[in-house]
Amino acid sequence: MDHANHVRLEPTELTPAVLEGATVYGADDDKVGTVDHVHGAGAAGTVIIDVGGFLGIGAKPVAVPTADLDFMRDENGEVHAVTAWTKDQLKAMPEHRD
């Protein structure tokens, strides 16, 4: 996916209501997970990404600083994120427990 024309979200938009459910794309531009929920708001928050699994079953939740993700909207207004992390790197992180 070409993210060059996508609009970056403003820091004030980095809220759970906007980010939850967003697809996360990794370094190789493959889908690496989905935002399950968010702790805090803005760049100082933490995003919990469900990695792996199938249709949400068996996915592993991992915590990533919001600042490590580049959130944007595509031409259709859909919010998604891009990160330098790969799916394997995310899967290797400790499981997040609320």
Side-chain angles (χ1 to χ4, degrees):
M1 173 183 297
D2 182 11
H3 303 284
N5 294 324
H6 296 171
V7 178
R8 299 321 189 253
L9 296 186
E10 296 295 325
T12 56
E13 296 180 280
L14 301 177
T15 64
V18 174
L19 304 182
E20 289 174 1
T23 299
V24 180
Y25 295 94
D28 49 10
D29 209 35
D30 285 337
K31 179 181 173 185
V32 296
T34 304
V35 175
D36 181 66
H37 62 282
V38 179
H39 293 284
T46 301
V47 175
I48 311 307
I49 302 172
D50 283 339
V51 182
F54 182 71
L55 299 175
I57 299 171
K60 177 183 177 182
V62 297
V64 176
T66 303
D68 286 357
L69 300 164
D70 190 10
F71 282 97
M72 57 191 80
R73 278 195 177 81
D74 65 16
E75 304 83 21
N76 300 319
E78 295 291 320
V79 174
H80 62 282
V82 177
T83 183
W85 297 95
T86 66
K87 184 181 270 190
D88 288 338
Q89 288 172 320
L90 290 169
K91 283 178 160 179
M93 292 180 173
E95 183 173 351
H96 173 78
R97 298 182 191 271
D98 279 322

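Computed from a prediction, not measured in an experiment: that's the story for all the values here.
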Salt bridge (Lys or Arg N to Asp or Glu O under 4.0 Å) against E13, all qualifying residues, sequence neighbours excluded: R73
Of all residues at least two apart in sequence or in a different chain, which pass the salt bridge (Lys or Arg N to Asp or Glu O under 4.0 Å) check with E10? none
So which pairs with a foot in residues 32-49 pass side-chain hydrogen bond (donor to acceptor under 3.5 Å, both in side chains), sequence neighbours left out? H37-H39, H37-D98, H39-H96, H39-D98
Give, for atom [atom1] of [X] and atom [atom2] of [Y], the distance between the pair rounded to the nearest 0.5 Å.
X	Y	atom1	atom2	answer
K31	T23	NZ	OG1	5.0 Å
I48	R97	CD1	CZ	12.5 Å
Y25	T83	OH	OG1	14.0 Å

Members besides V51 in its Ile/Leu/Val/Met/Phe/Trp/Tyr cluster (side-chain heavy atoms under 4.5 Å): L9, L14, V18, L19, V24, V32, V35, V38, V47, I49, V62, V64, L69, F71, V79, W85, L90, M93
Share the residues that join V82 in a hydrophobic cluster, the rule being Ile, Leu, Val, Met, Phe, Trp or Tyr side chains under 4.5 Å apart at the heavy-atom level. M72
Please confirm whether the backbone N or O of [Y] pairs with a side-chain atom of [X], one donor and one acceptor, at under 3.5 Å?
X	Y	answer
E20	A17	no
R8	H6	yes
T66	G45	yes

Tell me which pairs pass salt bridge (Lys or Arg N to Asp or Glu O under 4.0 Å) where either residue lies in residues 75-92, with sequence neighbours left out. none
D50/K60 salt bridge by N-O under 4.0 Å criterion: no
If you take all heavy atoms of A59 and G52, which pair is closest and at what distance? CB-O, 3.5 Å
